[in-house]
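In what follows, chains are A, B, ... by sequence order, proteins preceding strands, each numbered from 1.
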Amino acid sequence: MKHHIENLITSALAGLEATGALPSGHGATVTVDHTKSKEHGDFACNIALVLAKQVRAKPRELAEKIIKALPASGKITKVEIAGPGFINFFLSPSAYHSVVRDILEKRGTFGHSRMGAGRKVQVEFVSANPTGPLHVGHGRGAAYGATLANLLDKVGYQVHREYYINDAGRQMDILATSVWLRYLELCGEKFDFPVNGYKGDYVYDIGATLHRENGDKYRQAAGKIFEDLLPDEPQGGDKETHIDALIERAKSLLGTANYRKVFDLGLKVILDDIRQDLEEFGVNYDQWYSERALVESGAADRAIARLKKSGHVYEKDGALWFRSTDYGDEKDRVLVRENGQKTYFAHDIAYHMDKLERGNDQVIDIWGADHHGYVPRIKAALAAIGDNPERLHVLLVQFAILYQGGERMQMSTRSGEFVTLRELRDEVGNDAARFFYVLRRCEQHMDFDLDLAKSQSNDNPVFYVQYAHARIHSVFRQMQEKGFQHDPANGDRHLVRLTETHEITLIQRLARYPDILEAAARDHEPHQLAYYLRELAYDFHTYYGTHTFLVDDPALRDARLNLIVATRQVIANGLQLLGVSAPESM
RNA sequence: GCGCCCGUAGCUCAGUUGGAUAGAGCACCAGCCUUCUAAGCUGGCGGUCGCAGGUUCGACUCCUGCCGGGCGCGCCA
C-alpha cells in the first residue's frame with residue numbers, strides 16, 4: 001500500500017516535470033509514511049515540503065499541483081493538504097479489506113518480499129570461545145542474530161548462518177591445560193591450581209571423563225610439571241606468564257599427539273554442549289567454521305601475502321606489522337609475533353577474506369560491544385587488499401547486565417562465576433527469553449533482573465502476544481460447541497461488513513506487517529517486529545473485548561472469523577521469526 | 001587522555017531514514033467476568049526528551065561544546 005502511493009506520487013512528479021511545471025533532476029526521493037493520527041488520514045507524504053526550497057515554491061501550492069497530477073486510484077477516497085504542506089491520503093475501506101483476503105491466501109508467506117533480490121548475506125553470530133558453556137550474555141547475541149537472519153531470509157536475501165569456532169588460540173590452550181590439571185587431581189596428584197586456569201565445574205567433568213576413559217595414561221608427576229616453573233600470582237609471580245609456562249610444560253610432557261587428545265576432548269565436549277544449547281534455544285546454523293581448519297589450510301599465510309603485496313606491511317622489533325593507520329586505525333597492528341606465531345588478528349583477516357571470497361554480497365558480524373575497537377582494523381585490512389569494507393557490517397550488541405537481589409553480577413567464564421543461558425532458559429522458558437532479548441535495540445544497554453525474570457515471568461509481553469493467538473483458537477473451539485460452521489468464502493464475500501472502528505484499526509495493523517518486516521530487516525532491528533506484534537495483540541484484545549465474533553448473522557460472523565484467522569496467521573508468522581511458539585491454548 | 005555506545009514518565013524501554021498534540025509496558029488509583037479464556041478490557045495519575053548553543057518552514061531526531069553512565073585502547077582471543 002505504501003509502495004502503491006509512492007508510485008502514484010512519483011508518476012505525478014514525472015508528469016509535472018514533463019509539462020515543465022517542475023524542474024527535473026531535483027533528486028528528491030518520495031517517501032510515504034503512516035500517519036500517527038487518524039485525522040491526518042492513513043498515509044502522509046512530505047514531498048512538497050522537501051521540494052519547496054529547491055523549486056522556490058510555497059509548499060502548499062506545490063502540494064496542490066502534485067495532487068492535481070496524481071493518477072486516479074480506486075484505493076484512495078480522499079487526498080488533502082494539511083499543515084505546512086503535507087499531502088494526506090485517506091484510503092477506501094475496500095483497499096484494506098483486501099488485505100484480509102491476501103493474508104488468507106498467502107498464509108505462512110504473507111509479508112515476504114523480494115527486497116533483498118536474492119543477494120547473498122552471511123550472518124555470523126555468537127561465536128563464543130569454546131572454553132565454557134554459553135552464558136546469558138551470549139544469549140542476547142544468539143536471539144538477536146537468529147531473528148535478524150530469519151528476517152533477512154523472509155525479505156528475499158539468501159542467508160548463510162555461521163558460527164566461528166575459536167579453536168586455535170591461547171584461550172583454548174588454557175582450557176586444555178586446565179582440563180589436564182583437573183584430571184591429574186583425580187589421578188591423585190597434589191598441586192595448586194593456577195589462578196588463571198578455568199575454574200568452572202564443567203572443567204572437572206571433562207577431566208573426570210578423561211580419567212574414566214583413559215585411566216592414568218596422561219598422568220605426570222606434579223613435581224615434574226611444576227619443577228622450575230615461573231611462579232603463579234600468590235607466589236609473587238605473574239599469572240599470565242605462569243599459565244603460559246604451564247601450557248608449554250603440558251605440551252612437552254604429554255607430547256604433541258597426547259596433548260592434542262586432551263585438547264580435543266575439551267573442545268568437543270564444550271562445543272557439543274554449545275550446539276545443543278543453541279539448538280534447544282531455536283538457534284540453528286548452516287555452518288560451524290573452525291579457525292584451526294582455516295589456519296591449517298594456509299589461509300592466514302595467503303592473507304598475509306596479499307597484505308604484503310599491497311605494500312602496507314613492514315617489520316619492526318622482529319614482528320610483522322600491518323600499517324592499519326593508513327586506513328584510519330589509531331595504531332598499527334601486529335600480524336606475526338616475534339616468536340613467529342600469527343596473531344588472532346591475522347587469522348581474522350584471513351577469515352573475513354574467506355567470507356567475501358565465498359561470494360557473499362554482504363557480511364554481517366554480530367559481536368559483543370567490548371570488541372568495538374576491533375572494527376576499524378578489520379575494515380582497514382579489507383580495504384588494503386582491495387575489498388570493499390562497506391560489504392562488512394559489524395553490529396555491536398551491548399552486554400546484558402545482570403542483577404540479582406539488586407546487586408550487579410559479574411560474568412566471568414574464567415572464574416566460573418556466571419549464569420548460563422541454559423539456567424536462564426530453564427527459569428523463564430525459551431519463549432520468554434527469546435522475546436525479552438529481542439525487545440531492545442542492540443545498542444541499548446540491557447538490564448536483566450534475574451529475580452524479576454524468575455518471579456514475574458508472566459509479565460513478559462510474549463505471553464500477551466501468545467494469548468491473543470490462543471484466544472483465536474479458543475473462539476473456533478467455542479464455535480464448534482455452538483454448532484456454527486465457518487465458511488471462509490462467504491466471509492470473503494462480506495468483508496465489507498467489517499466497518500467497526502476496532503475492525504478497521506486491526507485490518508490496518510495487519511496491512512503494515514510487510515512494511516515492518518522490511519524495515520526490521522533493513523535497519524537490523526528485530527525489536528521493531530516484537531513491538532509490532534504487541535501492538536497487533538493489543539488491537540485484537542481490544543476488538544475481542546468490545547465485539548462478539550460468533551453472532552447469528554452468518555455473513556457478519558464469517559467476515560469476522562476471516563479477520564481473526566488473518567490476525568492469528570500474522571501473529572504466528574511473526575512469532576516464528578522470533579523463534580517463539582504460537583500455542584493453541586494457554 | 002583518546003575512541004565507540006547510551007542518557008526520553010517512579011522503573012524498563014519505544015519513538016517508522018528531520019514532521020503535525022512525545023508513546024507503551026510495569027508500578028500506583030478507579031471500574032469491568034450468568035455472554036467467544038480476566039495471562040484480558042476501560043479510564044486516571046505521571047515529562048524542562050541530561051544541560052547549553054547552532055542548523056531550518058519545522059529538532060527527541062542532525063552539528064558543536066559540556067555533564068553523567070557503560071565499554072575499549074596488548075606481539076590476549
Considering heavy-atom distances to RNA chain B, does Glu330(A) or His40(A) have its closest nucleotide positioned more toward the 5' end? His40(A)

Whichever of Ala470(A) and Thr35(A) has its nearest RNA chain B nucleotide further upstream toward 5': Thr35(A)

Can you check whether any acceptor in the base of rG72(B) is under 3.5 Å from a donor in the side chain of Asp370(A), or vice versa? no

Between the base of rC71(B) and the side chain of His372(A), is there any donor-acceptor pair under 3.5 Å? yes

Would you write out the dot-bracket form of RNA chain B, 5' to 3', with Watson-Crick and G-U pairs under 3.5 Å, [ ] for crossing pairs, | for pairs to other strands and . for unpaired bases? (((((((..((((.....[...)))).(((((.......))))).....(((((..]....))))))))))))....

Pairs where [range] contributes a residue and the test salt bridge (Lys or Arg N to Asp or Glu O under 4.0 Å) is met, not counting sequence neighbours:
range: residues 334-352 of chain A; answer: Asp301(A)-Lys342(A)
range: residues 126-141 of chain A; answer: none
range: residues 516-532 of chain A; answer: none

With Val79(A) via side-chain contact (heavy atoms from CB on, under 4.5 Å) - residues at least two apart: Ile67(A), Leu70(A), Ile76(A), Ile87(A), Phe89(A)

So, using side-chain contact (heavy atoms from CB on, under 4.5 Å) as the criterion, who are the partners of Thr546(A) when residues are at least two apart? His502(A)

Integer-rounded Å distance: [N] [atom2] and [X] [atom1]:
X: Tyr513(A); N: rU16(B); atom1: OH; atom2: C1'; result: 17 Å
X: Lys379(A); N: rC4(B); atom1: NZ; atom2: C1'; result: 13 Å
X: Met479(A); N: rU35(B); atom1: CE; atom2: P; result: 20 Å

Decide if the gap between the ring center of [X] and the ring center of [Y] is smaller than 6.0 angstrom.
X: Tyr314(A); Y: Phe322(A); answer: no
X: Tyr351(A); Y: His347(A); answer: no
X: Tyr464(A); Y: His541(A); answer: yes
X: Tyr163(A); Y: Tyr289(A); answer: no

Using the [atom1] atoms only, state how far [M] lies from [N], rounded to an integer number of Å.
N: rG19(B); M: rA59(B); atom1: C1'; result: 10 Å
N: rA20(B); M: rC66(B); atom1: P; result: 31 Å
N: rC36(B); M: rU48(B); atom1: P; result: 45 Å
N: rA22(B); M: rG50(B); atom1: P; result: 15 Å
N: rA30(B); M: rG46(B); atom1: C1'; result: 16 Å
N: rU8(B); M: rC60(B); atom1: P; result: 15 Å

Output a table of nitrogen or oxygen pairs between the protein and nucleotides 10-14 of chain B separated by less than 3.5 Å.
from, atom 1, to, atom 2, distance (Å)
rU12(B), O2', Arg440(A), NH2, 2.2
rC13(B), OP1, His445(A), O, 2.9
rC13(B), OP1, Asp447(A), N, 3.3
rC13(B), O5', Arg440(A), NE, 3.4
rC13(B), O2', Tyr531(A), OH, 2.5
rA14(B), OP1, Arg441(A), N, 2.9
rA14(B), OP2, Gln444(A), NE2, 2.9
rA14(B), O3', His527(A), NE2, 3.4

Pairs under 3.5 angstrom only: tabulate donor-acceptor contacts from the side chains of residues 556-563 of chain A to other protein residues two or more places apart or in another chain.
from, atom 1, to, atom 2, distance (Å)
Arg557(A), NH1, Val551(A), O, 3.0
Arg557(A), NH1, Asp552(A), O, 3.4
Asp558(A), OD1, Asp487(A), N, 3.1
Asp558(A), OD2, Asn490(A), ND2, 2.9
Arg560(A), NE, Glu503(A), OE2, 2.8
Arg560(A), NH1, Thr548(A), O, 2.9
Arg560(A), NH2, Glu503(A), OE2, 3.4
Asn562(A), OD1, His486(A), NE2, 2.7
Asn562(A), ND2, Pro488(A), O, 3.0

Should we say atom CD of Gln485(A) is surrounded by more than 12 heavy atoms from elsewhere, each under 6.0 Å from it? no

Kindly check if the number of other-residue, nucleotide or ligand heavy atoms within 6.0 Å of NZ (Lys251(A)) is above 12? yes

How long is the span from the CG atom in Leu536(A) to the OG1 atom in Thr505(A), to the nearest 0.5 Å? 12.0 Å

Might you list the N or O atoms of the protein lying below 3.5 Å from N or O atoms in nucleotides 59-62 of chain B, with each pair's distance?
none

Do any of residues 548-563 of chain A sit with a heavy atom less than 4.0 Å from RNA chain B, and if so which? Thr548(A), Phe549(A), Leu550(A)

Could you tell me whether Arg509(A) sits above the aromatic face of Phe540(A), with NZ or CZ closer than 6.0 angstrom to the six-membered ring centre and within 45 degrees of the axis? no

Does the ring of Phe436(A) carry Arg440(A) above it, NZ/CZ under 6.0 angstrom from centre and within 45° of its axis? yes

Hey, does [X] reach any base, or is it just sugar-phosphate, or nothing, if we go heavy atoms under 4.0 Å?
X: Tyr544(A); result: base
X: Asn88(A); result: base
X: His469(A); result: nothing
X: His541(A); result: sugar-phosphate
X: Thr131(A); result: nothing

Please write out the pairs of protein N or O atoms and N or O atoms of nucleotides 75-77 of chain B separated by less than 3.5 Å, giving the distance to one decimal.
from, atom 1, to, atom 2, distance (Å)
rC75(B), O2, Glu338(A), N, 2.8
rC75(B), N4, Asp317(A), O, 3.1
rC76(B), OP2, Arg337(A), NE, 3.0
rC76(B), OP2, Arg337(A), NH1, 3.2
rC76(B), O5', Arg337(A), NH1, 3.3
rA77(B), OP1, Arg337(A), NH1, 3.3
rA77(B), OP1, Arg337(A), NH2, 3.2
rA77(B), OP2, Arg337(A), NH1, 3.4
rA77(B), OP2, Tyr344(A), N, 3.2
rA77(B), O2', Asn129(A), OD1, 3.4
rA77(B), O2', Asn129(A), ND2, 3.2

Under 3.5 Å, which donor-acceptor pairs do the side chains of residues 364-381 of chain A form with other protein atoms, sequence neighbours left out?
from, atom 1, to, atom 2, distance (Å)
Asp365(A), OD1, Lys355(A), NZ, 2.7
Asp365(A), OD2, His352(A), NE2, 2.4
Lys379(A), NZ, Leu392(A), O, 3.0

Ring geometry between His469(A) and His473(A) (parallel below 30°, tilted from 30 to 60°, perpendicular above 60°): tilted

Using OP1 and OP2 only, check whether a side-chain N or O of Tyr543(A) sits under 4.0 Å from rU42(B). no

Between Lys316(A) and Asp332(A), is there a side-chain N and carboxylate O pair less than 4.0 Å apart? no

Compare the ring of Tyr464(A) with the six-membered ring in the base of rA39(B) and state whether they stack (centres under 5.5 Å, planes under 30°). no

